[in-house]
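Working notes, beginning with the structure itself.
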Amino acid sequence: MSIRTRFAPSPTGYLHIGGVRTALFNWLFAKGRGGQFILRIDDTDAQRNVEEALAPILHGLKWVGLEWDEGPEVGGPCGPYYQSQRLDRYQAAVRHLLECGAAYRDFATPDELQAEREAAQAAGRPFVYSRRWRAETEADADRLKAQGRQGVVRLLMPREGQFVLHDLIRGEVRIDWASEQDHVIQRADGSCLYHLATVVDDHDMRISHVIRAEEHLSNTARQVFMFERLGYSLPQFGHLPYVAEPGSKTKLSKRKLEKYLKNRDFAQLMEHGQSIARRLGLVVTADTFNPVIVDFYEQVGYLPDALVNYLLLLGWSLDDKTEDFTREEMLRHFSLERVNKAPASFDCEKLLAFQTRSMQRLPLKQRVALVVPFLRQAGLVTTPPPCETAPYVSRILEAAGDRVKVAGDILDFDDFFRPDSALVFDEPTLDKRLRKPAGARALLEKYRDALAQVEPFEPSRLESLTHSFVEENGIKIGDIVHAVRVAITGKAVGFGLFDTLAILGQQRSLARIARALEITA
RNA sequence: GGCCCCGUCGUCUAGCGGUCUAGGACACCGGCCUUUCACGCCGGUAACACGGGUUCGAGUCCCGUCGGGGUCACCA
């Protein structure tokens, strides 16, 4: 029998980082074993704009390269893949459950239920529904309906005994049937609830392995109960530990951004992202720009492979040393047996380390292609880019080395893309390197004159020129280098000065020095 | 609170009874390199939650305690 896994998000409008990891593990497990990965939409809640709320999720999955074999957009033999379109299947299942005595019609009102709950709590015992408004016969039902009551369908859960779940990740888990309430599976209006829908769909879609987050572990009893009473064969279950908050073991949540910002690394990540977003002119809100959401990383310029590699190691490992995996290697090595049981907290510093490495490994040409859209978005390069853009950016990227960790970091080197006359100077640095030190300006003038003679204008020539300049004038190299840097880039830090000069070229370098001298005069 | 799950450096983890005076990675600290920054190189600090067993021998098995988390909806 073929291995089939699924990822079943509900259309919430964003793709959670923990969700991607769940999807990744499902995808790896199925695709690494010649199986299928199915995407199903849990929209039993039937909200209005499913398509709109779904788009970011589909987009995010595609961005990280988790393509689905069956599901929205691609279809498949077990469709439809939207739960909102499968109501007839659920209703048939409810009928079956009712007929075989595994479910019953219940006419309790929410208030009555609440009263029972409170009474139980007051008495200090766990709440167990009395089944007082259960209709055992049609006559019962008619009588209760005549009182104006609305009927729902509940599962008739066993109140004794237990079952053993052979969880692929957690091993044997014993669960008392009675630990589950008589869960509602169908509302008075005929609509069905998630747990019923999942069971029916997992069966209809021939899901062989249900790999999902740990929070579903305690729901498994009622689902197993339905599988059995519906006469379906049971899939295998594997419950993943969830992705936890930075520096804690609590489940990572999109809504706790404020709290996470107190974590130094997380705050740094956010600040890094925001500074890029600002220069990109993006309108950011906590809803769209949040490191808990996958979209954040795309906007800032992370490589999807780096994110995936990091996420893979969050709860899974191959051995005691291997950290870098290509997609093929992941597929070959991934196994549920090596998934950890304890939650793993999200560490953005480590993610950045993976990102930095991925970026360095990326061929220069691809790095250029990655970075140009950011320059365009920031208005530093016209659309479409002139044909000399690629070689120019390529030289900058080469000289920048790993200073460009995420694509958006290219914006740190905006000075290369601004006209000489529009260069913005960092005032404190101007003071420190040009205005304050005695003779700094005169030295710079002298250096400029020497620069005007250099031919060809290349890093090695510039370097030897500088060294002899330093010697002739009896100064230290730092005395001239910093002044030149701020003059031609406007900044205190940047990459190698000779590379910078060469990239800018003789004319522009001289023009910038002239302007800096003018400004500081 | 009931039920369930989990517990090795700050973080991610290796460890499936002896080779563990516990290994790797990220972070951190110190040094080197150096025209700044980044990188790189060298070195360092740092963990088996606790208590009982079992065993010749326990990070590894069992029990308890403590701690952390999840879940208890006509949400998914």
Side-chain angles (χ1 to χ4, degrees), chain A residues 8-12 42-45 83 106 108-110 113 117 120-121 124-127 150 152-154 165 167 169-170 173-176 178-181 183-189 191-195 197-198 213-221 239 241-242 244 246-251 264-265 310 313-324 337-338 340-354 356 360 400-405 409 412 429 433 463 466-467 470 476-486 489 491-498 500:
Chain A
S10 60
T12 50
D42 276 2
D43 57 349
T44 48
D45 225 10
Q83 293 192 324
D106 181 62
T109 64
L113 242 24
R117 234 178 232 117
Q121 198 176 9
R125 56 180 161 74
F127 164 65
Q150 301 251 292
V152 299
V153 177
R154 285 181 184 276
L165 175 69
D167 192 279
I169 292 165
R170 324 199 88 88
V173 182
R174 286 166 194 285
I175 304 176
D176 292 332
S179 68
E180 291 275 322
Q181 290 300 322
H183 198 261
V184 172
I185 53 175
Q186 187 175 43
R187 299 187 182 93
D189 65 2
S191 64
C192 291
L193 283 100
Y194 167 76
H195 292 290
T198 311
E214 182 190 335
E215 60 205 85
H216 288 284
L217 186 56
S218 52
N219 300 151
T220 309
H239 288 92
Y242 44 82
S248 141
K249 293 293 179 201
T250 311
K251 192 165 68 171
R264 200 194 75 215
D265 298 338
Y310 170 70
L313 265 359
L314 210 52
W316 180 87
S317 65
L318 175 64
D319 53 32
D320 58 343
K321 38 184 62 86
T322 318
E323 292 239 293
D324 292 325
E337 292 79 63
R338 293 198 61 87
N340 260 338
K341 292 181 191 159
S345 55
F346 183 73
D347 178 354
C348 36
E349 275 295 327
K350 190 141 186 174
L351 203 207
L352 220 213
F354 276 99
T356 309
Q360 279 173 282
D402 48 22
R403 290 173 184 84
V404 176
K405 296 175 193 295
D409 286 339
D412 288 345
T429 307
R433 301 300 184 187
E463 182 163 8
T466 306
H467 284 302
V470 163
K476 282 184 293 183
I477 192 160
D479 294 335
I480 185 64
V481 159
H482 298 299
V484 177
R485 176 174 291 109
V486 69
T489 67
K491 293 171 181 145
V493 299
F495 35 81
L497 181 66
F498 311 123
T500 308

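Here the structure is a predicted model, which is why all the values come from computation and not from measurement.
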When all nucleic acid strands are considered with a 4.0 Å heavy-atom cut-off, which category describes [X]: base, sugar-phosphate, or nothing?
X      : value
A:R125 : nothing
A:D402 : base
A:V173 : sugar-phosphate
A:R433 : nothing
A:K491 : nothing
A:P241 : nothing
A:G494 : base
A:F498 : base
A:A108 : base
A:K405 : sugar-phosphate
A:R485 : base
A:G315 : sugar-phosphate

Is there a side-chain contact between A:N219 and A:T198 in this structure, where contact means two heavy atoms from C-beta onward sitting under 4.5 Å apart?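 Heavy-atom side-chain distance check fails, nothing below 4.5 Å.
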
Between A:K476 and A:D479, is any pair of side-chain heavy atoms under 4.5 Å apart?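 Of all side-chain heavy-atom pairs linking A:D479 with A:K476, at least one is under 4.5 Å.
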
Quiz item: A:H183 side-chain donor-acceptor pair to B:rA73 base, under 3.5 Å: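 Per atom types, no contact qualifies.
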
Taking N and O atoms by type only, does the side chain of A:R170 place a donor or acceptor under 3.5 Å from a partner on the base of B:rC5?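 Result: no qualifying N/O pair found.
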
Write out a two-atom table: protein N or O, nucleotide N or O from nucleotides 47-51 of chain B, distance below 3.5 Å.
none

Starting at atom [atom1] of [X], determine the distance to atom [atom2] of [N], rounded to an integer number of angstrom.
X      : N      : atom1 : atom2 : result
A:W316 : B:rA14 : CH2   : C1'   : 13 Å
A:N219 : B:rG70 : CG    : P     : 14 Å
A:E214 : B:rA76 : CD    : P     : 21 Å
A:K249 : B:rG70 : NZ    : C1'   : 14 Å
A:F127 : B:rG2  : CZ    : P     : 18 Å
A:H239 : B:rC5  : NE2   : C1'   : 11 Å

Who pairs with [N] - Watson-Crick or G-U, where each distance is under 3.5 Å:
N      : result
B:rU71 : B:rG2
B:rG7  : B:rC66
B:rC41 : B:rG31
B:rC56 : B:rG18

Nearest to the side chain of [X], which nucleotide is it out of [options]?
X      : options                : result
A:R187 : B:rC6, B:rA76, B:rA73  : B:rA76
A:H482 : B:rU36, B:rC4, B:rU71  : B:rU36
A:A344 : B:rU13, B:rC4, B:rU36  : B:rU13
A:N340 : B:rC12, B:rG70, B:rU13 : B:rU13
A:L113 : B:rA14, B:rC3, B:rC74  : B:rC74
A:L497 : B:rU35, B:rA38, B:rC4  : B:rU35

Looking at every non-hydrogen atom in both residues, tell me the closest pair between A:A188 and A:V152 and how far apart they are. N-CG1, 3.8 Å

N/O contacts under 3.5 Å, protein versus nucleotides 58-65 of chain B?
none

How long is the gap from NE2 on A:H239 to OG1 on A:T220, to the nearest 0.5 Å?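 One gets 3.5 Å once the value is rounded to the nearest 0.5 Å.
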
A:E214: what forms a salt bridge (charged side-chain N to carboxylate O under 4.0 Å, His left out) with it, not counting sequence neighbours? A:R170

Who passes salt bridge (charged side-chain N to carboxylate O under 4.0 Å, His left out) against A:R154, sequence neighbours left out?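 In terms of salt bridge (charged side-chain N to carboxylate O under 4.0 Å, His left out), with neighbours along the sequence ignored, A:R154 is linked to A:D106.
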
Residues at least two apart in sequence or cross-chain that pass side chain to side chain donor-acceptor pair (under 3.5 Å) with A:T429, listed by chain then number, are A:D426

Any protein N or O atoms within reach of nucleotides 24-31 of chain B? Criterion: under 3.5 Å, listing atom names and distances.
{"unit_1": "B:rA25", "atom_1": "O2'", "unit_2": "A:E323", "atom_2": "OE1", "d": "2.4"}
{"unit_1": "B:rA25", "atom_1": "N3", "unit_2": "A:K350", "atom_2": "NZ", "d": "2.7"}

Aromatic-base stack, A:H216 on B:rA76, cutoff 5.5 Å, angle under 30: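 Stacking between A:H216 and B:rA76: present.
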
